[in-house]
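Reading through the structure tokens given below for one structure.
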Amino acid sequence: VKQHDRNGYRFFSARMKEALEADLFLERELQRALQNDEFELYYQPQVDLQLGCVSGLEALLRWKHPQRGLIAPDTFISVAERSGLIIPLGQLVLRKACRSYQILDLLGLGHLRIAINLSALQFRDPLFPRTFQQIMTEHQVNPAQIELELTESMLMTNIEEAIMILDQLKQLGATLAIDDFGTGYSSLSYLKRLPVDIIKVDRAFVKDIPDNENDMEITAAVIAMAHKLKRKVVAEGVETLMQEQFLRDNDCDYLQGYRYSPPLPESELTSQIARIDLE
Ligand code: C2E
Ligand code: CA
Ligand code: CA
Ligand code: CA
């Protein structure tokens with residue numbers, strides 16, 4: 001049924017109303033899920049290319065919905081951001097990552113670093129550095145073991161303010177990483193001003209290696225530039241041996257992707273980590 005007038009206004013407003021209602025529904029569902037403790041972290045191993053073994057984990061959020069099963073973050077993070085729920089959700093992620101770290105530490109895996117994803121709202125929250133410090137102290141976790149991933153676009157939005165926040169977090173001892181690197185612009189020239197330890201080359205550049213010459217050149221250039229600035233590099237989305245070989249030839253530091261492991265529930269970590277060995 002065509003409901004729109006000649007200018008299409010009613011059509012769009014009806015669509016917008018629907019979208020808003022869907023958001024509101026999801027927002028209430030998220031609130032309920034927070035109360036019911038339905039969120040869980042999965043962990044994807046990162047492999048040290050030189051050592052050939054796992055050196056870190058990226059925490060990836062999952063919603064264990066009682067009816068709908070496991071829900072991926074892309075479907076709810078944006079609504080959590082728009083509604084502000086990302087703040088309590090983000091704190092929950094930090095706490096859960098700390099608890100997992102404590103367990104790994106007890107099992108003799110305390111050298112592993114756990115990376116967590118921060119949302120833009122969380123990063124710009126003036127209370128965030130203090131909250132981060134409090135949660136680390138509460139759990140007696142060395143902040144250096146928790147790596148904070150910030151996307152390139154988050155950092156480029158207001159670069160002077162971003163540098164101030166990064167400095168603050170660095171002073172607290174956090175390890176900092178730029179996520180999705182290469183997807184924004186003017187990033188290479190800004191890189192030297194950002195006090196980050198690690199750069200994550202986006203999967204978009206890795207996925208077409210070795211078919212896309214451009215992507216290979218960009219990836220090689222990012223690695224070389226990062227190393228000149230004394231930063232480490234993680235390549236994301238590594239799926240094939242050819243990609244691994246290319247990244248090895250270009251001195252990439254860490255690899256992450258389905259080739260080594262999908263994101264895993266905490267219970268499977270120790271057995272799977274022991275299995276991963278590049279040689
Ligand atoms: P991201 O940070 O870029 O995370 C990498 C995504 O790529 C993950 O999807 C991961 O499962 C997937 N992936 C890993 N290896 C491969 C591979 O070899 N091939 C392919 N095709 N994909 C791979 P996931 O878990 O669905 O997460 C999607 C996004 O949601 C993340 O992208 C991140 O931006 C966001 N996210 C996840 N957890 C959190 C969180 O706790 N807080 C916030 N704010 N955002 C989160
Ligand atoms: Ca990430
Ligand atoms: Ca990423
Ligand atoms: Ca990405």
Side-chain angles (χ1 to χ4, degrees), residues 46 49 55-56 58-60 73-74 77-78 81 86 90 93-94 113-133 143-144 146-209 212-238 246-247 250-257:
Q46 297 178 337
L49 239 177
S55 60
E58 178 178 5
L60 294 156
D74 286 324
I77 290 285
S78 61
E81 279 235 326
I86 196 72
V93 167
L94 264 176
R113 211 162 37 210
I114 299 185
I116 64 157
N117 292 280
L118 291 192
S119 83
L121 204 71
Q122 234 182 328
F123 178 62
R124 303 280 168 175
D125 175 6
L127 294 176
F128 179 72
R130 223 179 58 201
T131 306
F132 173 72
Q133 188 179 31
I146 302 295
E147 185 178 313
L148 303 176
E149 291 194 3
L150 308 140
T151 65
E152 186 191 338
S153 61
M154 263 161 70
L155 298 177
M156 294 302 151
T157 308
N158 178 345
I159 184 138
E160 303 303 329
E161 187 189 63
I163 292 172
M164 268 176 44
I165 305 171
L166 293 175
D167 279 333
Q168 246 178 308
L169 292 169
K170 205 65 245 165
Q171 260 164 29
L172 296 176
T175 301
L176 304 176
I178 306 187
D179 203 357
D180 300 344
F181 193 81
T183 54
Y185 47 89
S186 66
S187 38
L188 279 179
S189 54
Y190 280 114
L191 192 55
K192 63 173 182 294
R193 298 191 53 205
L194 299 171
V196 297
D197 308 280
I198 294 162
I199 287 156
K200 296 190 76 175
V201 178
D202 195 71
R203 190 177 85 82
F205 299 101
V206 176
K207 74 178 190 341
D208 294 326
I209 295 173
N212 188 316
E213 296 264 342
N214 259 334
D215 289 350
M216 287 160 75
E217 267 167 39
I218 293 170
T219 302
V222 167
I223 296 171
M225 165 80 106
H227 283 166
K228 243 179 225 152
L229 297 169
K230 307 241 171 358
R231 266 65 151 181
K232 300 279 191 192
V233 182
V234 180
E236 6 173 80
V238 180
F246 175 82
L247 292 161
N250 284 279
D251 285 330
C252 188
D253 302 284
Y254 309 105
L255 307 178
Q256 179 182 350

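Here the structure is a predicted model, which means the values were calculated and not measured.
Of all the heavy atoms in Glu81 and Ala120, the pair that sits closest is OE2-N, 3.2 Å.
For Ser55, the side chain to side chain contact (heavy atoms under 4.5 Å, CB included) partners at least two apart in sequence or on another chain are Asp48, Tyr254. Residues meeting the side chain to side chain donor-acceptor pair (under 3.5 Å) test with Arg231, sequence neighbours left out: none.
Under the 3.5 Å distance criterion, the side-chain polar atoms of Glu152 are left unmatched by any main-chain donor or acceptor of Ile178. Without hydrogens or angle criteria, Ser78 side chain to Asp74 main chain gives no donor-acceptor distance under 3.5 Å. Between the side chain of Thr175 and the backbone N or O of Ala144 there is at least one donor-acceptor pair closer than 3.5 Å. Between the side chain of Arg124 and the backbone N or O of Met154 there is at least one donor-acceptor pair closer than 3.5 Å. Checking side-chain atoms of Asp197 against main-chain N and O of Leu176 turns up a donor-acceptor pair under 3.5 Å. When atom types are taken as modelled, the side chain of Asp180 and the backbone of Asp202 share no donor-acceptor pair closer than 3.5 angstrom.
Between Glu149 and Ile198, the closest side-chain pair of non-hydrogen atoms is not below 4.5 Å. A heavy-atom distance below 4.5 Å is found between the side chains of His227 and Val233. Asp253 has its side chain out of reach of Gln46: every pair of non-hydrogen atoms, C-beta onward, lies at least 4.5 Å apart. For the pair Leu118/Phe128, a side-chain contact is recorded, criterion being any heavy-atom separation below 4.5 Å from C-beta on.
Taking CD1 of Ile163 as the reference point, atom CZ of Arg193 lies at 4.0 Å (rounded to 0.5 Å). The CZ atom of Phe123 lies 6.5 Å from the CG atom of Leu169; values are rounded to the nearest 0.5 Å. Rounding to the nearest 0.5 Å places OG1 of Thr183 at 12.5 Å from CZ of Arg203.
Within a 6.0 Å sphere centred on NZ of Lys170, other residues, nucleotides and ligands contribute more than 12 heavy atoms.
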Listed pairs under 3.5 Å, donor-acceptor, residues 212-221 side chains, sequence neighbours left out:
unit_1: Asn212; atom_1: OD1; unit_2: Asn214; atom_2: N; d: 2.9
unit_1: Asn212; atom_1: OD1; unit_2: Asp215; atom_2: N; d: 3.0
unit_1: Thr219; atom_1: OG1; unit_2: Asp215; atom_2: O; d: 2.7

Using the rule given for side-chain contact (heavy atoms from CB on, under 4.5 Å), can you reason through Leu148 versus Phe132, listing the C-alpha separation, both sets of side-chain angles and the distance that settles it, and then say yes or no? CA-CA 10 Å; Leu148 303 176; Phe132 173 72; 4.0 Å; yes
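Exactly one residue among Asp179, Val234, Leu191 makes a side-chain contact (heavy atoms from CB on, under 4.5 Å) with Ile199. That residue is Leu191.
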